[in-house]
There are 2 protein chains.
Amino acid sequence: MTRQRQIILEELQKDYSHPTASVVYLKVRRRLPHISLGTVYRNLEILSEQGLIKKLELSGTQKRFDGTLSEHYHVRCFKCGRISDVSMETLTALDEKLSEMCDYEIIGHRLEFIGLCPKCKKNKKHAHKTKTTTPISPGNIS
Amino acid sequence: MTRQRQIILEELQKDYSHPTASVVYLKVRRRLPHISLGTVYRNLEILSEQGLIKKLELSGTQKRFDGTLSEHYHVRCFKCGRISDVSMETLTALDEKLSEMCDYEIIGHRLEFIGLCPKCKKNKKHAHKTKTTTPISPGNIS
DNA sequence: CATAAAATGATAATAATAATCATTCTCAAG
DNA sequence: CTTGAGAATGATTATTATTATCATTTTATG
Ligand SMILES: [Mn+2]
Ligand SMILES: [Mn+2]
Ligand SMILES: [Zn+2]
Ligand SMILES: [Zn+2]
């Protein structure tokens, strides 16, 4: 566990926003100004292989990382790209159900909800009053 | 509806393998040898905006396209990357359930099963007999 | 200390997709 | 049938996220 890896892990564990690799890079750079982006990618990969973090393959172009290890689903705001945790029990029954219905050996599933986050809901209502906020393309929040 | 767009649509409608853009390109090129890859991307985008095909944002690095318009889920073989249709009713109740549990306005969800396809199941059993098949990286089947 | 293995930072490479642009096609109006 | 505007094409370049390479540095271990 190098200094770099330790700090990447720490920053991820106190960040509940499911940051992308480049966001992690920006945060880590505040403590290690000379760290390389490649080192961040490399260590995010290693940490997720070791089971210390989770690599999320959600929709959007960029992968996201999660310091919370418990199994849970996510919601994505289709307007701003925010990812939030969902407190819904894991639907293992789905896998069993499908196992009987198809010829694949089912080992799991990936479920992601899509919606409009509270902030974007509010902005939508006052859209005529407030000036159009720069639309953050989902998956490219920096 | 240009000749190119028509043929792209036709090829997709008779292909149940959820091909990637580059696979569509290869197939279409058999009928239009001078078509450009850019034209394929452009038309797949337009056709999906028009609701004539579906653009699938599944896991893996490449987008996939589906000529079947009815709502359905998919299974991905984690070994070979094959995508198959799943005949399970759409779980709209999940969205309503989550709507009451969180502060997002839920508009839908994305569900993808992961498993081992019949062919890979068979290969696994005879792994000691047959020589190791070139592992097709998921998302890069050409 | 020696020294082998692992990790780093800098940089280049890859791969999928999107953008650009001059040329060609389409098709309704005259 | 011409014609001219707008759409679409093929060729090419650009973008973006991620991975690979590699010389140098760090780390762990006897
Ligand atoms: Mn989470
Ligand atoms: Mn399908
Ligand atoms: Zn939002
Ligand atoms: Zn398979």
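These numbers come from a predicted model, not from an experiment. So you know, we letter chains A, B, ... as the sequences are listed, proteins then strands, and number each from 1.
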Participant: Cut-off 3.5 Å, side chains only: do B:Ser22 and B:Thr20 have a donor facing an acceptor?
Facilitator: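 Per modelled atom types, B:Ser22 and B:Thr20 side chains form a pair under 3.5 Å.
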Participant: A:Ile7 CD1 to C:dA7 P: how many Å, rounded?
Facilitator: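 Interatomic distance, CD1 of A:Ile7 to P of C:dA7: 16 Å.
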Participant: Using atom CG of B:Asn43 as one end and atom P of D:dA7 as the other, report the distance to the nearest whole Å.
Facilitator: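 It is 15 Å, rounded to the nearest whole Å.
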Participant: Would you mind reading off the distance between A:Glu57 atom CD and D:dT18 atom C1', rounded to a whole angstrom?
Facilitator: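 Taking atom C1' of D:dT18 as the reference, CD of A:Glu57 is at 12 Å.
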Participant: Indicate for each nucleotide in nucleotides 21-30 of chain D, in 5' to 3' sequence, whether protein heavy atoms under 4.0 Å reach the base (B), only the sugar-phosphate (S), or nothing (-).
Facilitator: ----------
Participant: Give the other cluster members for B:Leu56, using side-chain heavy-atom distances under 4.5 Å between Ile, Leu, Val, Met, Phe, Trp and Tyr residues; answer none if it is isolated.
Facilitator: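 B:Leu58, B:Ile83, which link up through side-chain heavy atoms under 4.5 Å apart, make up the rest of the cluster.
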Participant: Give the rounded distance in Å between these two atoms: CG of A:Leu44 and P of C:dA7.
Facilitator: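 Atom CG in A:Leu44 sits about 14 Å away from atom P in C:dA7.
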Participant: Tell me whether B:Arg76 forms a cation-pi arrangement with B:Phe78, defined as NZ or CZ under 6.0 Å from the six-membered ring centre and within 45 degrees of its axis.
Facilitator: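 The answer is no, since B:Arg76 fails at least one limit relative to B:Phe78.
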Participant: Going by side-chain hydrogen bond (donor to acceptor under 3.5 Å, both in side chains), name the residues that satisfy it together with A:Lys122, two or more places apart in sequence or in a different chain.
Facilitator: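 side-chain hydrogen bond (donor to acceptor under 3.5 Å, both in side chains) list for A:Lys122, sorted by chain: empty.
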Participant: Any side-chain donor-acceptor pair under 3.5 Å between B:Ser59 and B:Glu112?
Facilitator: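 There is such a pair (donor and acceptor under 3.5 Å, judged by atom type) between the side chains of B:Ser59 and B:Glu112.
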Participant: Counting N and O atoms only, with roles assigned by atom type, does the side chain of A:Tyr16 sit under 3.5 Å from a partner on the main chain of A:Gly67, one being a donor and the other an acceptor?
Facilitator: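 Checking the backbone N and O of A:Gly67 against the side chain of A:Tyr16, no donor-acceptor pair under 3.5 Å is found.
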Participant: Would you please name every residue forming a ring-ring contact (aromatic ring centres under 6.0 Å, His included) with A:Phe113, sequence neighbours left out?
Facilitator: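 Partners of A:Phe113 by the ring-ring contact (aromatic ring centres under 6.0 Å, His included) criterion, ordered by chain and then number, come out as B:His109.
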Participant: Could you tell me how far apart A:Glu49 (CD) and C:dA7 (C1') are, to the nearest whole angstrom?
Facilitator: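 Spelled out: CD on A:Glu49 to C1' on C:dA7 is 14 Å.
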Participant: Return all side-chain donor-acceptor pairs below 3.5 angstrom for residues 37-44 of chain B, not counting sequence neighbours, or 'none' if the list is empty.
Facilitator:
{"from": "B:Asn43", "atom 1": "OD1", "to": "B:Arg5", "atom 2": "NE", "distance (Å)": "2.6"}
{"from": "B:Asn43", "atom 1": "OD1", "to": "B:Arg5", "atom 2": "NH2", "distance (Å)": "3.2"}
{"from": "B:Asn43", "atom 1": "ND2", "to": "B:Thr39", "atom 2": "O", "distance (Å)": "3.0"}

Participant: May I ask you to list the residues of residues 30-39 of chain A, by number, that have any heavy atom positioned under 4.0 Å from an atom of DNA chain C?
Facilitator: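 Under 4.0 Å from DNA chain C: A:His34, A:Ile35, A:Ser36, A:Thr39.
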Participant: Rounded to whole angstroms, how far apart are OH on A:Tyr25 and P on D:dT16?
Facilitator: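 Distance check: A:Tyr25 OH to D:dT16 P gives 16 Å.
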Participant: Rounded off to whole Å, could you give me the CD-to-C1' distance for the B:Gln6 and D:dT9 pair?
Facilitator: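 Distance check: B:Gln6 CD to D:dT9 C1' gives 17 Å.
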Participant: With respect to the phosphate group of C:dA18, does any side-chain polar atom (N or O) of B:Tyr41 fall under 4.0 Å of OP1 or OP2?
Facilitator: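 Answer is no, no contact under 4.0 Å.
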Participant: Rounding to an integer number of Å, can you tell me how far B:Glu45 CD sits from D:dA8 C1'?
Facilitator: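 From B:Glu45 CD to D:dA8 C1': 15 Å.
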Participant: Using modelled atom types and a 3.5 Å cut-off, is there a donor and acceptor pairing between side-chain atoms of A:His72 and backbone atoms of A:Ser70?
Facilitator: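 Side chain of A:His72 to backbone of A:Ser70, a donor-acceptor pair under 3.5 Å: yes, one is there.
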